[in-house]
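Since the model is a prediction, treat every value here as computed from it, not as a measurement. In what follows, chains are A, B, ... by sequence order, proteins preceding strands, each numbered from 1.
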Amino acid sequence: MSLMCIAGGRIVDPASGRDEIGDVWIQNGRIVDAPDGHPPAERIDASGCVVMAGAIDIHTHVVGANVAAARLLLPERYSEIETPPEHWTGAPFDLQTTGALYAQMGFTMVVEPAVAPVDAAATHAELELIPYVDRAALSVVGNDDVLLGMLRDKASEDAIADYVGWLMTTSRAIGAKTINPGGVAALKENIRSFELDDTIPEYGVSSRQISAAMRKALTKLGVPHPLHLHTHNLGLPGSVETAVATIEAAEGEPLHLAHLQFYAYGTEGGFGMSSGAVRLAELLSKNKNVTADVGQVMFGPTCTISSDTLTQFNARRWATPKKWAVRDGDANGGGMVPFHYKARSKIAALQWAIGLELFLAIDDPNQVYMTTDHPNGGPFTSYPDLIAQLMDRSVRQAVIDQLPKEALEVSALGSMTREYSLRDIAVMTRQAPARLLGLDDRGHLKPGAAADVSVYRENPDIAAMFRKAQHVTKDGAFIVRDGQLAPPSYSRTLSVAPDYDKAIVSHVGDAYDRRWGLPPETFNVPETLMRNSSPFEVVACRS
Amino acid sequence: MTIFNPNDPTTRRGIEKAAALLEQSRAPVVVVNRIDLAGAAAAVTLARQAGAVLDHVAPTGLGPSQEQGTLGTVPGEAFLRADLVIVAGPITDTLAHDAGFARLTAPSPTRTVVNLGSAETTGGLLSSAEELRLDGLGLAEQLGVLYALAQGRPVSLDDRQAAEATRFIEQRMSQAKYGVFVFAPDAIDEHAQFMMMSLANVLSVETRWSILPLGRPAGQAELIRMCQALTGLPPPLSFAGTRPVHDPLLYRAVDVIGRRETDAILWVSACEDVPPDWIGGAPLAAVTARADAILAASAQISIGKPGIDYPALSEGALTGVVTANAQTSPVSKASAAQVIEAIGQQFAASQNGAVA
């Protein structure tokens, strides 16, 4: 590929310490040093533009059986969509639209955070239909009979690591996610609430034990992404205590907390719910081993999609409209509950405020990640609005002015003056996610990096600026040029392939035989059955 | 590697005829039967290209689950956990041959199977099952009675039947630790499904009840999944306008064809099935694994069977999810996706030629 120069833009690249007017050079799909005396074959004028690495969404539910079930539940919502970004109605986008909308916002990678290993083949077949961006998936582990049986039988840490390694490899995951550890399994035994030290009757295993075993297994395997934990009591007043206990239970080991906003709820105030965001932010500042994505709530209709069947089972009474689907599954299953976050609702207003509090109170943007837990808190297409609310105090004040006063009385948001800089945005949406996933060549613009570059025309309307990138390259090729999408192109799905002892397969085989009468190979994801050639790329584990 | 030679004269002729049929049609219909995931994706793409109506041959029966709450489970969980299984409605051939159904209803020391309905509907297939029958009532009404009783509401039944139904609710269903309703979705009407879901929901206030459709029409899950991935919407779909439209009242293939609103039909079936009687009244092309000629078809292109003649991703009865199925036959045949994509390419080439 010929030499290209994105010239004269404001380069915002925290990894290289650049925040300056300058150039970015690209050759053969990679960022390169400025060559001495070689004119570029193509020069892109980026004057008046901000240039960043491509953004990465580490937690967005875009494919899989639960997303498919949500589409099935709300076909009338999808039919209402005329121009998707502006008219989100709660039904998940189709995959072509998903890729296009991400690309237009300057994103070059998305991570589906909840792939049921038994459904991995179909999920990957969907994932590779998302054009323009790199993809990755997290395997859901922690409520499956194999792991719970191993913990009950006091299997060694090595054996558990082997199982997790096998599962991630066969399901082609970049990390592992544990969702309401133990709680989902307990629901199958008709238990309706589950705390950190409660045990699943059938196994005698607690949530604390499951999370600890998973953290150790991932460390042992050298998987770069730490345990991605959706802990219990999601969305309940008082859940801040669960989050605090979960962080303390990590005992200094690496841990990523998913959609922390949904766990930052205290119980004070006139309607029994208050913000615990500042408390959690202070705790994170003392526990640098812990990262979190926010799961910001944005006002409007949506469909909550989660493999936390315990939470979704209990949430079914709040379905809007009054229809929902909750399904026990092999391991986690799924729950789809439509919901509407109304700005006039005290609770929804407080949820919105708590999310912003977390962003603003957590000092280090390397520890906090921009997500709406799409579509649970709102659609990913609301990211530009969220960025504007973070970067401009007057923008969020305009929202605050529309909200019920009681909600703001139990939140510190109104007193927060911090405004994110472009550097903060670049760290939070580029550098930090790449590091979290172990992607050394993404999230920055240093020589050797993948040439995933986003160019935004500067605009006092920050949301407008981030909604439509001027140019976006993926591996050096334009996917957006002069604001226009290129024809769809298909990139790769990134995954890890940790070393594990293959002897574990016979143990897994026994369990699979009991459940289905089928061998574990049934659930493999063969590359030959994918639509695109070479659809997978392996990310190195740490030695 | 699957063998597919689009230039084989017989195959070529079939592909050209099928493409020409779609191209000359003003209102084509693509009707899908058994299919794998890649074939389903290809069928969606071709239907979009041709501006066709796309549907599965069996009505998808999604209505009740789109109108209320649904508690579901999967074959693996039901097999390991269910202590009470209620088979609701008739046991169709498809259900009788479903491996998951056979496992779940086999005699077991930890599980009771009850047939709700009448002995005739089971065809004697559940010899070990108990039976609950409320005389003179259809399945939906029987489920409705149980639903009312479960909520403590009065019902209009004779004393004997009311007592029997109440006893069944109180002593069996409410006491189950993990109860499962099993049914063939194409064999019971939407009203019955609605009442069954309502009953599962009300029982689940105190204990755990779920529904489990088994013996689903082959290829339906694959088509729904790919339709939604590629368009956001389930079948039936019309691609006649600028955007795909999902309307189960307007675009069910059986109705569109019955109303003679089509002038070309493409039948896609990666198995031996012949098209049902209602497919007719318009020129027909067939992409089929059936070796014998389909007499009504003006073009017939041969494909293999997924997981037998070519490796494929398709739904397994024991798992209820789409998994990889290796080729088992020593001889490879063309996949559904290969042939459908070839028709699409021919269609595009013809259209480009027409424009030129």
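Counting all heavy atoms, side chain and backbone alike, A:A125 lies closest to B:L313 at CB-CD1, 4.0 Å. Contact between A:A68 and B:Q228 at its shortest, heavy atoms only, is O-NE2, 2.9 Å. Across all non-hydrogen atoms, the minimal contact from B:T207 to A:N190 is CA-ND2, 3.4 Å. Nearest heavy-atom pair across B:A229 and A:E126 is CB-CG, 4.3 Å. For the pair A:A331 and B:E77, the tightest heavy-atom approach, listed with the atom from each and the gap, is N-OE2, 4.1 Å. For the pair A:R71 and B:G232, the tightest heavy-atom approach, listed with the atom from each and the gap, is CD-O, 3.8 Å.
Residue with the most contacts toward chain A among B:S204, B:P234, B:A326: B:S204 (heavy-atom pairs, distance under 4.5 Å). Each of A:L95, A:T98, A:L129 has some count of heavy-atom pairs under 4.5 Å with chain B, and the biggest count is that of A:L95. Highest contact tally toward chain A, considering only B:A337, B:G100, B:G76, is held by B:G76 [criterion: heavy-atom pairs under 4.5 Å]. Heavy-atom pairs under 4.5 Å with chain B were tallied for A:A319, A:G333, A:A69, A:A121; the largest tally goes to A:A121. Contacts with chain A were tallied for B:I211, B:L80, B:I224; B:L80 has the most, counting heavy-atom pairs under 4.5 Å. Counting heavy-atom pairs closer than 4.5 Å to chain B, the top residue among A:V63, A:L72, A:D119, A:V67 is A:L72. Contacts with chain A were tallied for B:T319, B:D36, B:N201, B:V245; B:T319 has the most, counting heavy-atom pairs under 4.5 Å.
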Fill in: Step-by-step side chain to side chain contact (heavy atoms under 4.5 Å, CB included) determination, B:V74 to A:W516
CA-CA 11 Å; B:V74 291; A:W516 296 291; over 6 Å; no

Discussion item. For B:Y178 and A:D328: C-alpha separation, side-chain torsions, deciding distance, then whether side chain to side chain donor-acceptor pair (under 3.5 Å) applies.
Written reply: CA-CA 11 Å; B:Y178 198 91; A:D328 286 335; 2.5 Å; yes

Discussion item. Quick one, B:D247 with A:E76, criterion side chain to side chain contact (heavy atoms under 4.5 Å, CB included). Give me CA distance, side-chain angles, the key distance, then yes/no.
Written reply: CA-CA 9 Å; B:D247 190 329; A:E76 74 283 4; over 6 Å; no

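Side chain of B:Q68 to backbone of A:K323: no donor-acceptor contact under 3.5 angstrom is found. Under a 3.5 Å cut-off, the side chain of A:Q96 and the backbone N or O of B:L230 do not form any donor-acceptor pair. A distance-only check finds no donor-acceptor pair linking the side chain of A:N524 to the backbone of B:A324 [under 3.5 Å]. In this structure, B:R208 contributes its side chain and A:L187 its backbone to a donor-acceptor pair below 3.5 Å.
Shown here is A:K322, whose NZ atom has more than 12 heavy atoms of other residues, nucleotides or ligands within 6.0 Å. By the neighbour-count criterion of 12 heavy atoms within 6.0 Å, atom CZ of B:R103 is densely surrounded, having more than that number from other residues, nucleotides or ligands. Other residues, nucleotides and ligands contribute at most 12 non-hydrogen atoms within 6.0 Å of the CZ atom of B:R34.
A salt bridge is defined here as a Lys NZ or Arg NE, NH1 or NH2 lying under 4.0 Å from an Asp or Glu carboxylate O, and B:K177 with A:E189 fails to meet this definition. A salt bridge between A:R192 and B:E206 is absent, with no side-chain N of the basic residue lying under 4.0 Å from a carboxylate O of the acidic one.
With a threshold of 4.5 angstrom between heavy atoms, A:M530 approaches chain B through side-chain atoms but not through N, CA, C or O. Neither the backbone nor the side chain of A:T528 comes within contact range of chain B; no heavy atom of the residue lies under 4.5 Å from a heavy atom of that chain. Neither the backbone nor the side chain of B:M197 comes within contact range of chain A, judged by heavy atoms closer than 4.5 Å. There is no contact between A:A116 and chain B, counting heavy-atom distances below 4.5 Å. The part of A:L518 that comes within reach of chain B is its side chain, from C-beta onward, which places non-hydrogen atoms under 4.5 angstrom from that chain. If you measure heavy-atom distances from B:R225 to chain A, the contacts under 4.5 Å come from both the backbone and the side chain. For a residue to count as touching a neighbouring chain, one of its non-hydrogen atoms must lie under 4.5 Å from one of that chain's; by this rule A:E521 does not touch chain B.
The line from CG of B:L212 to CZ of A:R327 is 11.0 Å long, rounded to the nearest 0.5 Å. One distance of note links CG of A:L73 with OG1 of B:T70; it measures 7.5 Å at 0.5 Å rounding. Interatomic distance, A:L529 CG to B:L37 CG, rounded to the nearest 0.5 Å: 10.0 Å. Atom CG of B:L71 sits about 6.0 Å away from atom CZ of A:R316, to the nearest 0.5 Å. Between A:D330 atom CG and B:T73 atom OG1 the span is 8.0 Å, to the nearest 0.5 Å. From B:L233, atom CG reaches atom CZ of A:R77 across 13.5 Å, with rounding to the nearest 0.5 Å.
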